[in-house]
Amino acid sequence: MLKFRKGSRKGFVKENSRIVAAEAILAILLVLMFQYIMGQRREYIDASREPDQTENRITVEGESIFSQQVTCEKDTLDGIMVLSETTEAGIDGALSVQIYEESDGLLAQAAQPLSDEGYTFIRLGETLSGRTGKKLELVLRSDTGEAVVLKGGSCEEVLVNEEDNACIRLVYHALDVGRYKISVYLWGGILWLVLSVCLIILQKKNGKPEYLFAFLYLSLGILYMCINPLYGVPDESAHFARTYGISEGSFVTEGVDGGIGTGSRLPENLLYGNKGPSMKIGDIAAGKDVELSDQKVFMDYWTSALYSPFTYTAQVLGVAVGKLVSNKVFFIAYCGRFAAWLAAGCILFFAIRYIPFGKHTLIAVSLLPMNMHESISLAGDTFTFAVAVAFFAFVLYLRYTKKGTMGRKDYVLLYVLLFFIASCKIVYVPLCMLAFLIPAERFGSKRNYGKHVLLAALEVLLTACSWLAISMHILDGQLNGKSAEQVQYLLSHPLLYVETVVNTTVTYGEGLVKSMLGSSLGWLSIAVNSGIIAMVAVNLAYVCVFEKGVWKDEESKWPRVWTIGAVACVVFVMYTSLYVQWTELEKNIIDGLQGRYFLPVLFPFLLSLKNGSKRTDGGTDRNGFYVSYQVLLITNLFTLVTLLTHYII
């Protein structure tokens, strides 16, 4: 029988009472935040386009009726919304509708009291199916006999009366808001309870940071994958086209008439269902059975054509496997998504395992809502982030953990990581400077050290410059040579450019930091509550400040200064790249900056701020981070509910 000493038993109870108290506080916060997030939307409907209001007024009263011809654009019909008003104050009017189709006669009927303001939603008793492209007749009348004025409207291809149209929207699908909220409370609460308990058990039983990361990354990633629909991330359609093109052999994009260009010949319906920022979860379900066409057309995707094909390594492998299994468009796309997400997770797992210190900080950065949101997309951002932090982790491993000289596997990994950093995005090439933190003794001799410095420099320069030449050719063709003018102006006015950099940082700095953490998701149009972002920021700061394990050197100034110097170079190159590509000539502020671009340098930057001459094993302080991991979990759940509220309908 297991026995505890009196002191240890008291310590155990005390420790767990703190965890229980924290769990209770977070559970209350969960309910309050869920209520707040879901309260941001009053209606959950999928409706036809908003009609343009006209000056017409149509009155129905007594037995008079108004007949409206409409065309359904989707398969289902749950009801209609009518913009109306009563003629006299204090009259409680009501409106009824009957829906007819020539072949089937009366399909449905319903009535609804008039809304005090805006549209009146008349929901049918049951959903009508098989309505895509069908023309229906709506017969509207006053349900009480009192006069009701229907406001006029115009909506091309939906409202099709030859004469006056009423201002009507077709509601293709309506969600029961009450049931939806109850479901979110129920399943969100259960999910929170199960995941948080599993997390605590995992911390108690094992506690290794890389396994805590794997648990959270896998469980949260699956939820992000399900909730965030395809094309719900900026330019994901262009990334899918680029990925599919590479899988077909178009490593360098082509022009319509051959040569280097901005696209390739792809199946004509490859981007079937793409609505960009307007994508919903239901759109994926509706198009799940659509197969790729045998007919190919030239498809232009110049925004992703600028990226090296190696940026999409994982996505291409996933798409290739998907094509072997199925010919369905969405299945192939999601195979690419899944492969990119899984590859980034595996790289980060080993980076966390082998980095000698800063493990918890790296996990906190990797699980930021913005990083998780990007991880399940076909974009190359999270793969680039994973490669960048893996390279930094490997360099620190060779500096502080590795004993003796490097082996063959170490050399192979070093050159592979350097290649991918130089390939993924040109702006992150300065991170290769971190290789100089590897001690010369790891190479066995000064001669061998010099040889590998030269080889590594040649690899990085050849890889980066080769693709830079191709991408600049594409960019110049797209911008009609404007980039060359920008470079010339920059070189001739260096002080003005420095002023532009400072002005941009001061103007956009706060917004960039917030968006880096995850304040604007989707196509930067889904606002995450500022309270959630504050929790994310405070938690990240707490982990970074209180995590034990710092630079081992008695004099740690050199590696920290070198690291922050590499980060500064990345930021400078990033500013310059966007100045050349997207900014108008002589403009004093740089366009195109986004917070997620800074994620690959966030971890090195945070680690370079830590100082100290004593270092302990980064895993020994895991008991101090129970609450921090729970905050990582709950802030991502809040973010997921925010996304669900946007994408559900």
Side-chain ([X]) to main-chain ([Y]) donor-acceptor, under 3.5 angstrom:
X: Asp143; Y: Ala111; answer: no
X: Arg337; Y: Leu378; answer: no
X: Tyr217; Y: Leu348; answer: no
X: Asp235; Y: Ala238; answer: no
X: Thr311; Y: Cys424; answer: yes
X: Asn636; Y: Leu367; answer: yes
X: Gln68; Y: Ala166; answer: yes
X: Ser264; Y: Thr253; answer: no
X: Tyr334; Y: Leu230; answer: yes
X: Asn161; Y: Gln69; answer: yes

Check against side-chain hydrogen bond (donor to acceptor under 3.5 Å, both in side chains), Thr120 and Gln112: CA-CA 7 Å; Thr120 296; Gln112 181 69 29; over 6 Å; no
Angle between ring planes, [X] versus [Y], binned at 30° and 60°: parallel, tilted or perpendicular?
X: Tyr231; Y: Phe240; value: tilted
X: Phe349; Y: Tyr211; value: perpendicular
X: Tyr44; Y: Tyr180; value: tilted

Evaluation steps, side-chain contact (heavy atoms from CB on, under 4.5 Å), between Glu374 and Tyr224: CA-CA 9 Å; Glu374 289 292 320; Tyr224 274 97; over 6 Å; no
Do [X] and [Y] have side chains that get closer than 4.5 Å, going by heavy atoms?
X: Asp75; Y: Tyr172; value: no
X: Pro51; Y: Leu159; value: yes
X: Tyr597; Y: Leu512; value: no
X: Val528; Y: Val536; value: no
X: Ile200; Y: Tyr629; value: no
X: Tyr301; Y: Ser237; value: no
X: Ile37; Y: Val184; value: no
X: Val171; Y: Ile122; value: no

Heavy-atom neighbours of Lys514 NZ exceed 12 at 6.0 Å: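 Atom NZ in Lys514 is not crowded, with 12 or fewer foreign heavy atoms closer than 6.0 Å.
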Euclidean distance, [Y] [atom2] relative to [X] [atom1], rounded to 0.5 Å:
X: Ile168; Y: Ser84; atom1: CD1; atom2: OG; result: 10.0 Å
X: Leu107; Y: Leu124; atom1: CG; atom2: CG; result: 9.5 Å
X: Leu220; Y: Ile376; atom1: CG; atom2: CD1; result: 12.0 Å
X: Leu368; Y: Asn539; atom1: CG; atom2: CG; result: 9.5 Å
X: Arg169; Y: Cys155; atom1: CZ; atom2: SG; result: 8.5 Å
X: Thr127; Y: His173; atom1: OG1; atom2: NE2; result: 7.5 Å

Positive for salt bridge (Lys or Arg N to Asp or Glu O under 4.0 Å) with Glu248, one of Arg242, Lys296, Arg265: Lys296
Pairing of [X] and [Y] as salt bridge, 4.0 angstrom limit:
X: Arg141; Y: Glu63; result: no
X: Arg131; Y: Glu101; result: yes
X: Asp46; Y: Lys280; result: no

Derivation and outcome, side-chain contact (heavy atoms from CB on, under 4.5 Å), residues Ile58 and Leu140: CA-CA 11 Å; Ile58 303 158; Leu140 303 173; over 6 Å; no
Closest approach of [X] to [Y] (non-hydrogen atoms, all atoms of both residues):
X: Val148; Y: Ser142; value: CG2-OG, 4.0 Å
X: Val365; Y: Asn371; value: O-ND2, 3.2 Å
X: Arg41; Y: His646; value: NH1-O, 3.8 Å
X: Ala314; Y: Ala340; value: CB-CA, 3.8 Å
X: Gly345; Y: Phe213; value: O-CE2, 3.7 Å
X: Ser326; Y: Phe331; value: CB-CD2, 3.5 Å

Full working for side-chain contact (heavy atoms from CB on, under 4.5 Å) between Leu633 and Ser196: CA-CA 8 Å; Leu633 173 59; Ser196 62; 4.0 Å; yes
Is it the case that the side chains of [Y] and [X] hold a donor-acceptor pair, with the cut-off being a distance below 3.5 Å and no angle test?
X: Glu236; Y: Ser377; answer: no
X: Glu268; Y: Ser293; answer: yes
X: Ser154; Y: Asp52; answer: no

Geometric cation-pi criterion Lys323 and Tyr244, 6.0 Å radius, 45° cone: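 Yes, Lys323 sits over the ring of Tyr244.
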Chi angles and distances behind the side-chain contact (heavy atoms from CB on, under 4.5 Å) call for Val641, Leu637: CA-CA 6 Å; Val641 172; Leu637 288 179; 5.7 Å; no
Sole residue of Leu77, Thr71, Ile80 in side-chain contact (heavy atoms from CB on, under 4.5 Å) with Leu136: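 Of the listed options, the one satisfying the test is Leu77.
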Qualifying residue for side-chain contact (heavy atoms from CB on, under 4.5 Å) with Val139, from Val60, Leu106, Ile65: Ile65
